[in-house]
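Every chain is numbered from 1 and lettered A, B, ... according to where its sequence line falls, protein lines coming before strand lines.
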Amino acid sequence: MTEAIIADPARSRPKAGSPWTTAYGWAIPLLLGVCVLLAMLVSLCIGAYPMSFAQAARIVLHLAWPGPLPENPPWTVRELVVVQVVRLPRVLLATLAGLGLGISGTALQGMMRNPLVGPDIVGVSSGAAFGGVLAMLFDFSPAGVIALAFCGGMLAIFCTFTLARLAHASSSSMILVLSGIFISGLFVALIDLVKRLANDAQFPTMAFWLLGSFVGADPRKVAMIAIPTLGGGAVLMMMRWRLNLLSLGDLDAQSLGMNAGFVRWTILALVSLIVASQVAVSGVIGWIGLVVPHCARMLVGPDHRRLLPVSGLLGALLMLALDDITRALIRAEIPSGVMTALIGTPVVCFLFWKAQGKGWGRE
Amino acid sequence: MKPPVRRCRELLWIAPFLGIALIAAGLLRPQPRLPLPAHARTVVDAGGTPVPIAQPFRGIALAAYPNGYLENTRSPGLLVYAGKPSDRKRFATEMMSWVYPEVVKNDALWNAHLFQETDSPFSEIETLLAYAPSVYLGCGGPPDVVRRVGLPVYNCGGYGVTFALRRPELRAKVGCGSPTDPLQRLYPRHYVKEGGYYSESYLFPAIRSLTVLTGKADEAEPRIDAYCQSVADLQQELQPAAIAHRLHVSALGEDRGNLPRAGVTDAEWDFDARGDDGERLLYLDPDIIFITGLNASPREFMSDPRRQGLKAVAERRVYKRFGGGIVTKPVAMRWIAEIAYPERLKPGVRQLLRDRMFEAFHYRLSDDQIDELLNVKQNSSSAGAERFTRGYQSADAKGATQ
């Protein structure tokens, strides 16, 4: 069973996609994109202050449209404050975090040819979290937090690969996962050490931040995650053909004229940047990067040309939905990291159950 | 060469990226700010910031726990929001809920539908916008973001917020008798570090600013005078300067500001407060231990095998003490002093507590309520605690009459 699951997702693609996917698969990213934008507008209507969908859409449209806001707008200042200051930063933060994690998870799984890989499994999240708490310990600026989180993420992934290489099995899926688990364990221990060294004022901040939450979203945090996620994500999108080649294996990719090592490290750097920015602004949020690629693969198959955008958009949708559930239905600030784990675990169990019948890894 | 239609399909991912980027760019616009109310009176809060209060007055929404507000202002009628439902449960067990039972009973003040169970300042903004009180009151520093959008935020100070150090006009007024207070010379490091060391460093700015907010500014100084008079009476009776051997006291996880006034030495004054640390306690080996900040009772604490080497445990001098605000703090000081130096003071805590509550709120505490405030039951196994029981009080009074 394990072998079946760990098998190469690229090889597991259906021999020929379903007729529906073949004919209309190109439209799925577009549809999902529209769904994400609609979900963002719906999320803007959720909260204590009453806000209609039309009013939220009108305000967002005017905010996004270049040029000054109207002199006599059809909304009140209170409504503008609710949308621009309170809800929109949080909605954007959730959307971008989900988008980044979905893309990162898919890129890592494709590159490592291993469906068990996610940013939290290979140690990027733990490394970034360690960088973040270290920056908090030394009272760094928010930019310093993101920079150290990025360095931590890169260091963790470098360690993971180096460890796998020491075992003379850098291309073995199982060894990579094991290395990731070891390195993650190391960084988790370092995080605990930093927490122990923190003073009474720093400790609660660190503890809450590590659980993962969008509380306290503001324009600065949105900028901190938007630039790396949208920029890095765009570059990954442009590399999605190369990801297809890389998922065939290094030898095949090199025989097709691709510099596999360079592409691999470029992807790793981009993933680290995206995950680090996400961890820096909203803490460690697990499961999305692991679960969403599987859901997307069930929807559009393993071709990264479609899989990558669909994963990103599905991640954004899922993250937004979870955040809405947290703040609207449960009416409590349960950390998003906790919510994703509570929802992600049953999803993975379901996928495991489904895999017995259809399988990701059937040869 | 791909056909143009296929190339366009391959680039469809750009659309949501672009959409999200454009919406995110909308946040770069200047933040909106609520206009000033048409009719307002401006008051300066404990942080020195002028706050416009809309007129006619629509009420106060508390971001802080209601106990302190009520003890300082005695104006429950001005509240439109008192706290979260979890705050209500806690408040219902405390002294101010006896004095103002209507605050606990009024569901509207603890409205879970309008005010979410969250500590997020952003959700607070939203709920405040929905409820529109005249002023949003926070003690300990409400988030700047609430103020930035133009909501009337009033900062009433709070423990650990050293406004007094930043505002010279308040610095001169910190503490009863400071800055010439002799205790300042004994604890210079804390005097600087905590803005005056004593509880007064946050109690006085809080009452001064809150009474201004509620339009009863003239009531602050008499209450402060009453506090200082109680402190002076205690000093007069205790004569702390004449105490040859000052007892060392550890107050685990709680306010240590009262200790010097009670004539005892804070054994942990050179340590950052980190709650219960068994080894540190063994190292310090204080004469008396207060464990209000811990969940354990004095009896449980003293029966813990890890504590058996402590002098305070051997002498059963472990207590759970009570605190409070400007009304009950002087009583708490006397309570500590009577515990530490029973031979220097007559038993007077129960009567003093009863008197101060009546003077302040015209509320008569029952014996049961006093027992509860003084933790008589919990301290029953501690040395000298019988001094605070009602029987002891009457026996003493009888003796005094004879």
Salt bridge between Arg297(A) and Asp303(A), side-chain N to carboxylate O under 4.0 Å? no
Work out which heavy atom in Ala198(A) is nearest to a heavy atom in Leu137(A); give both atom names and the distance. CA-CD1, 3.6 Å
Applying a strict 4.5 Å limit to non-hydrogen atoms, the region of Val222(A) in contact with chain B is side chain
Is it the side chain or the backbone of Leu92(A) that comes within 4.5 Å of chain B heavy atoms, both, or neither? side chain
Name the member of Leu88(A), Leu32(A), Val60(A) that forms the most heavy-atom pairs with chain B at distances under 4.5 Å. Leu88(A)
Looking only at atom types and distance, does a side-chain atom of Arg29(B) sit under 3.5 Å from a main-chain N or O of Leu63(A), one as donor and one as acceptor? yes
Under 3.5 Å: donor-acceptor pair, side chain of Gln84(A), backbone of Val81(A): no
Pro89(A) portion near chain B, given a 4.5 angstrom heavy-atom threshold: both
Exercise: identify the closest heavy-atom pair between Pro286(B) and Leu281(B): CD-O, 3.7 Å
Under 4.5 Å from any heavy atom of chain B, what part of Leu99(A) do you find: side chain, backbone, both or neither? side chain
Ile227(A) versus chain B, the contacting section by heavy-atom distance below 4.5 Å: neither
Honestly, the part of Leu80(A) sitting under 4.5 Å from a heavy atom of chain B is both
Pi-cation contact, Phe290(B) with Arg321(B) (under 6.0 Å, within 45°): yes
Which atoms of Arg87(A) are under 4.5 Å from chain B, going by heavy atoms: the side chain, the backbone, both sets, or neither? side chain
Give a yes or no answer on whether the side chain of Asn244(A) reaches the backbone of His304(A) with a donor-acceptor pair at less than 3.5 Å. yes
Quick one: what part of Ala223(A) sits under 4.5 Å from any heavy atom of chain B, side chain, backbone, both or neither? neither
